[in-house]
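Some notes on the structure that comes next.
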Amino acid sequence: MKSLLTLFCTCFWAFAGIFAQNRPVLYPEPTSVQYEQGELLLQNLTLYVAPTASKDLVFALNELKQTIRERSGKALKMTHAANTANIRFTVKTPGRELPETNEAQVGSTREHYSISINNKGLEINSQTSTGLYYAVQTIRQLIQGSGAKAALPFVTIQDQPQLAFRGVMMDFAHGGLLTVEEIKKQIDFLARWKTNQYYFYNEVSIELEGYATLNYKASYTQDQIKSIIAYARERHIDVIPFVNFYGHLHELIRNEKYASLAIGRYGHELDPRNAGVQTLLKNWIKQYTALFKSPFIHVGFDETWETKRLNSTGEMSLNPEALFIQQLTFVSDELKQYGKTLMAWTDMNSFYPEIMKKFPAEVIPVIWQYSPDSAATYHYLNPVLKEKKPFFIQPAVSGWGHIYPEADYTYDNIDLCLRAGLRHKTLGFITSVWTDSVEPFVRSSWMFMAYGCISAWQGKSPDKKAFARNYAPVMYPNAGKEMGDAFDNIANSVEYLKKCLGKNTQSMPRGTLVEAWSNPFSAYYLANTEAHAAEFREVRKYSEEAQANLIAALKKASKSDSAFINSLLVSARLINYSATRFIWAKAIVDRWNYAMLVKKKEDYVIYDLTYPCHSLLVDAMDETGELKQIYAQTWLSEYMPYRLNSILGRFDVEYSLWRKLHLKVVDFQIQRKKEEPVQSFEAMFKPDF
């Protein structure tokens, strides 16, 4: 009897273990999940939608219908009466599709939802259509299998966000400008993780009436912005204008027409003392508030370094702190007339620790900190806490200085900001994506954006070590393993590359991109390559593995994911080339110097360097040319043409380096005189761009 009981227990727990292992990964993780044995086949589901249903309800239900069709291969059966359908839903309050200014107040249930799946069917209860839409996003992840076997597990879910405001800030000022189609794809993606704010960071990249020459052909029309806002609203995302009304306005004041509005000449910051500045900003504020219906507006006010520099160097007699408060007060008063809730960054408290006391009372401080450094975070946070002000906190994807974001650094930054924010009751959480280096594709940042949004909803960060492998099958169900492997291999290649490069970041903290295009034949980089030869080889190994993973994924993934996967593939090739160019330069120099100076014998070295089909110099030319072509194609699948030529020029200069060396070595062979002494490769050919 005892042995039978033991056998029963063993079998039961084995079955329970298998059942648990097959449970789907849910991102974000719901507040409460209780599974039971059993499943509901998708092909048995039926739905009724009343003819009088509001657009927001119909939109959420259409997304459910589309998801079921994609996974089961058949259209969801529709019934003619509510009592004959086994998909049942309740939405208690009409409207309220977007976040409200009082969202963070205790007791708000606007985004709450519950799901119950059993042998009677699927039931969804929510306060608003937002909760219904979020329930659909969870159901999308609950589905197991495909075709006739596609099913939902028996489960009961209760869910609500831990943070009221969960946003992503997208940079539309520094790098390329995403196409409207790409922005909408990004909004679709963010909606899957229950994001509810999309901050449209802009300096002069939105057309304004009366400013026709400002970034002509390099900005969004107001009709395009309206279409983005409407598209996001359907997905319960509020598009918030993020416009710098003080600094970061070089694209405005570099024009002679507006140069007199600057604190310096052709600089970055407006002069708060200039009456023309107020006239301009009143006009801008009127236009922006008419265009964006969000109750929020973020006005930046960061990095007003020029004002401080001009004062500290004695070029002008200024009070930077007073000017900052003067400008912020003016902007706040003006926006108050339009009923907007104002947000502004607080980095000026680095220089003026008491400035928070002088902030207009209605301005919400936003603490940005882009490093996983607790001391740095609290350096900005403590002055806000001291004044007991409500605040937002804003980490970032560390992708502006790398071809592909620095994974661990990004995860740790998000984790730290989330913990600090929750500890001190932040109103909201904004994950930033910056494009300062122009070159990296924004698609490489998507997974990290998801990590930030998921963390903000569930109030804790996912396990960063397992995240990529768990995320990949959720996002790419047909190629989950291949994509998980690719994410890990690209991240590893970046980790090794940063061990080799990154001292010169051209005023951008951290990053390998600037040095990745440096002259690999210079004495400094030849020595650097010798010192980091093993790490450079690891970069190549991991990036090559990533390429193999992504090529395999392309064969399995859906057509809609192909462009995205191809972007990662091009990024992996660029990372590989960043290491290759240094290794090849060192190999060329070493091969020449050993043959010509040590052995004093040509010993096929010229063949190794210049043979027109396969040689080191030809390798570099071939890869540079190939990369330029595929980079341009990939850029145009994501961005407008604006700034593309600025990046393609790097490939042109790079190609000319290898081509000139090829010609010089060939000419040496043709023109060489036997009695002429041979020098080192560096002295002989003076490799330079």
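By convention here, the first residue in the shown sequence is residue 1. Quick caveat, the model's predicted, so the values are computed rather than measured. Computation of the quantities below employed the complete heavy-atom set of this structure, encompassing side-chain atoms and omitting hydrogens, waters and symmetry-equivalent molecules.
- Ring-plane geometry between Tyr201 and Trp434 is classed as perpendicular, the angle between the planes exceeding 60 degrees on a 0 to 90 degree scale with a lower cut at 30.
- Of the charged side-chain nitrogens involved, none lies within less than 4.0 Å of a carboxylate oxygen, so that Asp188 and Lys184 do not count as a salt-bridged pair.
- Between Arg140 and Thr67, the side chains place no donor N or O within less than 3.5 Å of an acceptor N or O (distance only, hydrogens not considered).
- Salt-bridge check for Lys541 with Glu545: failed, with every basic side-chain N at 4.0 Å or more from each acidic carboxylate O.
- Salt bridge annotation for Lys55-Glu234: absent, with no cationic side-chain nitrogen under 4.0 angstrom from a carboxylate oxygen.
- Under 3.5 Å, the side chains of Thr410 and Asn413 contain no donor-acceptor pair of N or O atoms.
- Pairing each heavy atom of Leu142 with each of Pro153, the nearest pair is O-CD, 3.4 Å.
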For Leu98 and Arg233, what are the C-alpha separation, side-chain angles and deciding distance, and is it a side chain to side chain contact (heavy atoms under 4.5 Å, CB included)?
CA-CA 7 Å; Leu98 296 178; Arg233 183 186 184 91; 3.1 Å; yes

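- Judged purely by distance below 3.5 Å, without hydrogens or angles, the side chains of Tyr631 and Gln633 never pair a donor atom with an acceptor atom.
- Leu190 approaches Cys453 most closely through the heavy-atom pair CD2-SG, 4.1 Å.
- For the ring pair (Phe, Tyr, Trp, His ring centres under 6.0 Å) with Tyr451, the qualifying choice from Phe467, Tyr471, Trp446, Trp457 is Phe467, the only one to do so.
- Under a 4.0 Å N-O distance rule, the pair Glu29/Lys460 qualifies as a salt bridge.
- Thr426 places no side-chain N or O within 3.5 Å of a backbone atom of Gly421 that could act as its donor or acceptor partner.
- Each of Ile225, Asn202, Thr179 was scored for a side-chain contact (heavy atoms from CB on, under 4.5 Å) with Tyr220, with one residue passing: Ile225.
- For the 3.5 Å distance criterion, the side chains of Thr138 and Tyr113 qualify, holding a donor opposite an acceptor.
- Glu207 and Thr221 are not linked by any side-chain donor-acceptor pair at a separation below 3.5 angstrom, with hydrogens and angles left out of the test.
- Classification of Lys464 and Asp412 as a salt-bridged pair holds, one side-chain N sitting under 4.0 Å from a carboxylate O.
- Between Arg96 and Glu111, none of the side-chain N atoms (NZ, or NE/NH1/NH2) sits under 4.0 Å from a carboxylate O, so this pair counts as no salt bridge.
- Between the side chain of Arg443 and the backbone N or O of Leu568, no donor-acceptor pair lies under 3.5 Å.
- Pairing each heavy atom of Ala150 with each of Ser72, the nearest pair is CB-CA, 4.2 Å.
- Side chain of Thr46 to main chain of Met78: no donor-acceptor pair is present (N/O by atom type, distance under 3.5 Å, no hydrogens or angles).
- Side chain of Thr128 to main chain of Thr93: no donor-acceptor pair is present (N/O by atom type, distance under 3.5 Å, no hydrogens or angles).
- The CZ atom of Phe487 sits 12.0 Å away from atom CD of Glu482, with the distance rounded to the nearest 0.5 Å.
- Take Tyr48 and apply the side-chain hydrogen bond (donor to acceptor under 3.5 Å, both in side chains) test, not counting sequence neighbours, and it matches no residue.
- With sequence neighbours excluded, the residues forming a side-chain hydrogen bond (donor to acceptor under 3.5 Å, both in side chains) with Asn489 are Asn549, listed by chain and number.
- Ring-plane geometry between Phe242 and His298 is classed as parallel, the angle between the planes falling under 30 degrees on a 0 to 90 degree scale with a further cut at 60.
- Under the rule for a side-chain hydrogen bond (donor to acceptor under 3.5 Å, both in side chains), the partners of His402 that lie at least two apart in sequence or sit in another chain are Glu406, Thr512.
- No side-chain donor-acceptor contact under 3.5 Å links His236 to the backbone of Ala232.
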